[in-house]
Number of protein chains: 2
Amino acid sequence: MARAATTSDVFNAVAEPRRREILTLLVVGELEVGAIVTALRLDQPSVSKHLRVLRETGLVHMRRNGRHKLYRTNAPALQPVHEWVSTFERYWSNQLSRIKERAEAKMKQSRETGTSEKES
Amino acid sequence: MARAATTSDVFNAVAEPRRREILTLLVVGELEVGAIVTALRLDQPSVSKHLRVLRETGLVHMRRNGRHKLYRTNAPALQPVHEWVSTFERYWSNQLSRIKERAEAKMKQSRETGTSEKES
DNA sequence: AAAATATATTCCTATATCGGCATGTGTCAA
DNA sequence: TTGACACATGCCGATATAGGAATATATTTT
């Protein structure tokens with residue numbers, strides 16, 4: 001086997017930098033393919049291919065408007081990724097909150113004692 | 001070109017299901033390679049290769065203990081992924097709050113103008 | 001209907017896997 | 001030093017890309 005198919009796995013679909021750019025672009029609002037092409041300076045076939053992957057993974061929605069096709073990001077499809085990564089959040093956010101706690105404790109102490117210098 | 005190298009991009013490294021399993025396993029605490037092999041029922045060379053990718057992307061740390069090697073997940077390396085995905089969070093978690101906002105805006109308008117019908 | 005416009009698809013090539021198998025490397029024990 | 005044990009790496013084959021160029025499909029306009 002080679003790598004997993006991008007068309008079936010959101011993680012793989014999102015692994016592509018250009019596709020991430022497209023999603024970022026289309027989350028603000030609908031855009032037609034041509035607009036994406038000019039915005040990201042990619043070849044039109046390349047954009048169409050990426051859009052296909054994003055479509056098949058449910059990461060974008062499309063609606064037709066005359067001979068244009070309007071794409072927009074379907075954010076909820078990213079939830080699995082978000083949930084998975086969030087599992088690990090506590091393993092680094094605690095470091096930050098620990099710093100915050102120390103800082104707040106220090107401020108509180110300053111308020112109480114009147115000191116204002118940094119003591120280790 | 002083919003796909004981007006898994007060894008240089010965290011997104012690609014994490015796109016592999018087995019590697020995600022390994023990260024989930026190693027975030028709880030250190031494990032030696034053999035333990036990963038038995039826990040995930042993979043071949044040892046396969047595990048070693050995945051660990052190499054995870055190592056080179058900074059997703060795991062390793063320390064030697066005798067002839068064993070102890071690996072653990074380096075959660076902060078996942079922050080870029082988390083930050084990127086979080087950008088889209090408001091586009092689904094706000095579906096509820098958006099309804100709330102609309103309702104509140106409508107109420108506010110009603111209070112101000114006395115109207116009560118929905119106008120776009 | 002024919003031309004023009006907007007997208008999508010196909011074909012091709014180079015590359016990067018992933019798994020399986022064999023082998024190499026490093027460390028501890030006898 | 002010679003084994004034994006724990007991992008890592010190399011080689012192979014099959015597959016899935018991503019980009020570029022050319023072509024096909026769909027829709028509007030003339």
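By convention in this document, chain letters (A, B, ...) are assigned in the order of the sequence lines, proteins followed by strands, and residues within each chain are numbered from 1.
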Inset, instruction - Describe, in one word, how the ring planes of B/W92 and A/H82 are oriented to each other, choosing from parallel (under 30°), tilted (30 to 60°) and perpendicular (over 60°). - result: perpendicular
Legend entry - Residue from B/T73, B/V10, B/V53 passing side chain to side chain contact (heavy atoms under 4.5 Å, CB included) with B/L59: B/V10
Inset, instruction - Answer yes if B/M62 and B/V60 sit in the same cluster of Ile, Leu, Val, Met, Phe, Trp and Tyr residues linked by side chain heavy atoms under 4.5 Å apart, and no otherwise. - result: yes
Inset, instruction - Give the angle between the helix axes at the two ends of the helix from C/dA1-D/dT30 to C/dA30-D/dT1, taking five base pairs at each end and rounding to 10°. - result: 10°
Legend entry - Nearest to side-chain heavy atoms of B/R52, which nucleotide of D/dA8, C/dA8, D/dT9: D/dT9
Legend entry - Between P of D/dA16 and CZ of A/R19, the distance in whole Å: 14 Å
Inset, instruction - Take atom CD1 of A/I36 and atom C1' of C/dT7, then tell me their distance rounded to the nearest Å. - result: 11 Å
Legend entry - B/R64 CZ to D/dA8 P, straight-line distance once rounded to whole Å: 8 Å
Inset, instruction - Identify whether any heavy atom of A/S46 sits under 4.0 Å from a base atom; if not, whether one sits that close to sugar-phosphate; answer base, sugar-phosphate or nothing. - result: sugar-phosphate
Inset, instruction - Would you kindly give the CD-to-C1' distance between A/E32 and D/dT27, to the nearest whole Å? - result: 14 Å
Legend entry - Given C/dT9, D/dT28, D/dC5, the nucleotide with the shortest approach to the side chain of A/K49: C/dT9
Ignoring hydrogens and angles, write down the donor-acceptor pairs under 3.5 Å from the side chains of residues 24-40 of chain B, residues two or more places apart or on other chains.
unit_1: B/T24; atom_1: OG1; unit_2: B/R20; atom_2: O; d: 2.9
unit_1: B/E30; atom_1: OE1; unit_2: B/R63; atom_2: NE; d: 3.4
unit_1: B/E30; atom_1: OE1; unit_2: B/R63; atom_2: NH2; d: 3.0
unit_1: B/E30; atom_1: OE2; unit_2: B/R63; atom_2: NE; d: 2.5
unit_1: B/E32; atom_1: OE1; unit_2: B/H68; atom_2: ND1; d: 3.4
unit_1: B/E32; atom_1: OE2; unit_2: B/H68; atom_2: ND1; d: 3.4
unit_1: B/T38; atom_1: OG1; unit_2: B/G34; atom_2: O; d: 3.4
unit_1: B/T38; atom_1: OG1; unit_2: B/A35; atom_2: O; d: 3.0

Inset, instruction - Send over the distance from A/H50 NE2 to D/dG19 C1', rounded to a whole Å. - result: 8 Å
Inset, instruction - Could you tell me whether the side chain of B/Q44 has a donor or acceptor atom within less than 3.5 Å of a complementary atom in the base of D/dA6? - result: no
Legend entry - CZ (B/R55) with more than 12 external heavy atoms under 6.0 Å: yes
Inset, instruction - Tell me which nucleotide among C/dT9, D/dT28, C/dA22 gets nearest to the side chain of A/R67. - result: D/dT28
Inset, instruction - By nearest nucleotide on DNA chain D, pick out whichever of B/G34 and A/N12 is the more 5' one. - result: B/G34
